[in-house]
Amino acid sequence: MDAVLLSRIQFAMTALFHFIFVPLTLGLVILVAIMETLYVVKNDEIYLRMTKFFGKLFLINFALGLVTGLTLEFQFGMNWARYSKFVGDIFGPPLAIEATVAFFLESTFLGVWIFGWKKLSKKMHVISIWLVAFGTNISALWILIANAWMQHPVGYVIKNGKAEIVNFLTVATQPFAILEFVHTITAAYVLGAFFVMGVSAYHLLKKNETELFKKAFSIAAKFAVFASLAVFITGDLHAAEVAKTQPTKLAAMESVWETQKAAPMYLFVVPDPKHEKNSVELLGIPKMLSILAYHDPNATVKGLKDFPKNDRPPVMATFVSFRTMVALGTLFIVLAFLAYFYAKKNSLLDKKWFLKLMLFAIPLPYLAIELGWVVAEVGRQPWIVYGLMRTADATSTAVTVQQIVMSLIGFVALYGTLGIIDIYLLIKYAKQGPEPKTAESGGY
Amino acid sequence: MLNTIWFAIWGLLWAVYFMLDGFDFGAGILHPFVAKNDTERRMVINTLGPVWDGNEVWLVTAGGVTFAAFPTTYAYMFSYLYTPLFFILFSLILRGVSFEFRGKIHSQSWAKFWDFIIFVFSFVPALLFGVAFGNIFEGLPMDAAGYHGTLFSLLNPYGLLTGVLFVLLFIEHGALWLSIKASGNVAERSKAIASKIWILLLIVAVLFLVYTKFATSLYDNYFSNPVWFIVPALAVASLLSIRFFIKTSSYVKAFFASCLTILSIVFTGIVGLYPNLIPSSIDKAYSLTAFNSASGPYTLKLMLIVAVIFVPIVIAYQIWTYKVFSKPITEEDIHDKEVESY
């Protein structure tokens, strides 16, 4: 194996692992903040116990999100030195700004929130969690601005063999960045909402603390309706932006080989990348792909065959990930609406099948989110910066294959172990339920 | 000018990071020695609880700023020092989760296991950061063909001495932190250790300042512009004042003196390095400087605006945090169900 492949495996592994924990952090923190706000406004202890219960799950999850983020930041220099040198001028600022403007905020106020129950006024305490929520969301914004530049480089010139920034505002506000951000963040909200609903469903099935968990479920269900619709709409807009800026990715997402006007969309497709065609195309909807991609029924969709072979992304992985993600996204809307109606009619406890379904649905938003990243990152290949720098030209020249193998084994072992412990703890504490009423302010 | 300002900020971020995470590392290394039972260990960990992750963000910022302001240095520094950096990351990850995991399962052996992890992986990054910075002070063997060093060439006497210096600085720093933030036996034992380690620290610090003359060219800047000698002089003065404050039992002052010691020792190196971020030890033409490895003026200006606006805000709310949690942790706090603890 060569250094490029190994570095890619390492980056994919560490990024996907980081992204198991970060979306829950992003989504759950808002729900916890809402719960605590309800406590402060309504002054009802049940919301305090709810806040503490989900807050604890949030914290167990947060720790791993935080520490695995370190790896990602340093890996750019460690494994992708030529990339870092080439784009540092333009890719570094969002990362540095993220740390200064957002990461400090979330980490500092999280400490305040955990340990400040007795040291702060109720108001200041709930403000702390909102500052954490604000920090995590702004964090994501800057990271995705940086990623969006890799997807669609703007606002730069090439000088002395390096990309130099000419207009930062263009970089920070380009539609690709905004859409990628909103799509990712709303996906994280879906995950947070489904997590809270799933955990609540477990306890409702056990008839444990039904009052508390019905309320929690209902808060999350409303949030899920909003988030699942938002993620779908922004997904559509984002895909249209991809069509405009990354035609090879779009073609791979849909497995389109031939360029065609008024392109149909087939509901069932089996790609055959070897022969540059699809071996099965069934249930076509006329003009649908042109509509989805360009919001114009007669638009031309470029096929993969129109691009040189060495500029095409891996079709199978991109296509399957995209299709599955979209299918899951649709499912989330259905489940969110059902959850909302059952919660509103107060009939959750009678709908055992639905509660079970929601419990087993917990992993699905995770899957959808990880697949989303596969679409974004695999679909961008063979480019590290789309159209500008190839992944193969981006690695560190000073790092040997042995060094990467060593670190890769180290990360797999470390992440594997920590992941298992963390998920074990999450399940343990989720099952345990909230602290009993008599010790409602019990310690962490 | 912009490049010089960013060089100074770059140095400052690393120095502040060491000043803050330094007492975390120190307390982590010390906890098996100053805490004899589970309550006392939790007391040590709880002194760090509200602040350690805020401290660690200074590392993220130092890394991010290196990337943004000096991308070529970022690229070379991190790929040349790949293996030590991997060990640092590995350690920081394990240490970070250990605070969270330790109290989550109520079992003696579980807690003991994470105590061991906290000890080892506070020591390892403290040492390795020192080794890395020692090697940066010396310069790395790099020329047109790239980097010629290995993991073992990094473990040279000067690099190791700097590593030991960092470890001792952090132990002293952590001991003083626990002297003021813990209470009872833990605070008493920490005070005793602070007093004992100080002598060792003084010896190693003097050795370091002398050896620096022979192993590096850091002093060139000082001889060409002697006014800068004020920085190492400050390091020596603050180091000596730690002793004075310990003698007079003014541990808060001793802790601030220790903060100043760390800042001025790191800056002794930074001033000596200028304009190099990483000098080449074999061919000066290939040194990475604040000029040849920097981003364009647009990026530097933009980042300066961000820094000028936001860094004071960050410092303000972090100081506020330290104030909110300024009261020492007591045994009662650990057992009080009303107070959060690890």
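Numbers restart at 1 for each chain; the letters A, B, ... are given by sequence-line order, proteins then strands. What you see is a predicted model; the values in this text were computed from it and never measured.
- Using a 4.5 Å cut-off between heavy atoms, A:Leu110 touches chain B through its side chain atoms alone.
- Crowding of A:Lys122 atom NZ: a count of heavy atoms from other residues, nucleotides or ligands under 6.0 Å exceeding 12.
- The candidate with the highest count of non-hydrogen atom pairs below 4.5 Å against chain B, out of A:Glu164, A:Gln403, A:Lys428, is A:Gln403.
- Enclosure of atom OH in A:Tyr424 is not indicated, since only 12 or fewer non-hydrogen atoms of other residues, nucleotides or ligands lie within 6.0 angstrom.
- For the set A:Ala63, A:Gly69, A:Gly111, the entry with the most heavy-atom pairs within less than 4.5 Å of chain B is A:Gly111.
- Both the backbone and the side chain of B:Leu59 have a heavy atom closer than 4.5 Å to some heavy atom of chain A.
- In terms of non-hydrogen atom pairs under 4.5 Å with chain B, the most contact-rich of A:Val166, A:Val87, A:Thr417, A:Thr400 is A:Val166.
- With chain B as partner, the option from A:Leu95, A:Thr108, A:Asn160 having the largest number of non-hydrogen pairs under 4.5 angstrom is A:Thr108.
- Among A:Pro93, A:Gly77, A:Ala96, A:Pro94, the residue making the largest number of heavy-atom pairs under 4.5 Å with chain B is A:Gly77.
- The number of heavy-atom neighbours closer than 6.0 Å to CZ of A:Phe134, taken from other residues, nucleotides and ligands shown, is 12 or below.
- For B:Val51, no part sits under 4.5 Å from any heavy atom of chain A, backbone or side chain.
- Ranked by heavy-atom pairs under 4.5 Å with chain A, the first of B:Val65, B:Val306, B:Val314 is B:Val314.
- Of the residues listed (A:Thr397, A:Asp393, A:Thr395), the one engaging A:Arg82 in a side-chain hydrogen bond (donor to acceptor under 3.5 Å, both in side chains) is A:Thr395, and it is the only one.
- Of the options A:Thr71, A:Asp422, A:Thr14, a side-chain hydrogen bond (donor to acceptor under 3.5 Å, both in side chains) to A:Tyr415 is made by A:Thr71 and by none of the others.
- Within the 4.5 angstrom heavy-atom criterion, atoms from both the backbone and the side chain of B:Leu92 approach chain A.
- The residue from A:Tyr83, A:Trp149, A:Trp80, A:Tyr156 that alone fulfils the ring-ring contact (aromatic ring centres under 6.0 Å, His included) condition with A:Phe91 is A:Tyr83.
- The main-chain N or O of B:Pro71 is never found under 3.5 Å from a side-chain atom of A:Ser84 such that the two would form a donor-acceptor pair.
- The neighbour count for B:Phe291 CZ, taken as heavy atoms of other residues, nucleotides or ligands under 6.0 Å away, is above 12.
- For residues 297-313 of chain B, every residue pair satisfying the side chain to side chain donor-acceptor pair (under 3.5 Å) rule, not counting sequence neighbours, is listed here: A:Asp89-B:Thr299.
- Checked against a 6.0 Å centroid threshold, the rings of B:Phe86 and B:Phe90 count as neighbours.
- When each of A:Gln75, A:Met406, A:Glu98, A:Met78 is scored by its heavy-atom pairs under 4.5 Å with chain B, the top score falls to A:Met78.
- Neither the backbone nor the side chain of B:Ala62 comes within less than 4.5 Å of any heavy atom of chain A.
- No donor-acceptor pair closer than 3.5 Å links the side chain of A:Asn61 to the backbone N or O of A:Leu57.
- For a residue to count as touching a neighbouring chain, one of its non-hydrogen atoms must lie under 4.5 Å from one of that chain's; by this rule B:Leu89 touches chain A with the side chain only.
- Residue contact with chain A, scored on non-hydrogen atoms closer than 4.5 Å, involves the side chain of B:Trp320 exclusively.
- With chain A as partner, the option from B:Val60, B:Thr72, B:Thr73 having the largest number of non-hydrogen pairs under 4.5 angstrom is B:Val60.
- Residue A:Ile404 touches chain B through both its backbone and its side chain, counting heavy-atom pairs closer than 4.5 Å.
- Comparing B:Phe67, B:Phe310, B:Tyr147, B:Tyr82 by heavy-atom pairs within less than 4.5 Å of chain A, the highest count is held by B:Tyr82.
- Both the backbone and the side chain of A:Leu418 come within contact range of chain B, with heavy atoms under 4.5 Å apart.
- Interface check for chain A: of the options B:Ile105, B:Asn55, B:Leu300, B:Leu151, the most heavy-atom pairs under 4.5 Å are formed by B:Ile105.
- With sequence neighbours left out, the side-chain hydrogen bond (donor to acceptor under 3.5 Å, both in side chains) criterion links A:Lys85 to B:Tyr76.
- For chain B, the nearby parts of A:Ile60 are the backbone and the side chain; heavy atoms of each come within less than 4.5 Å.
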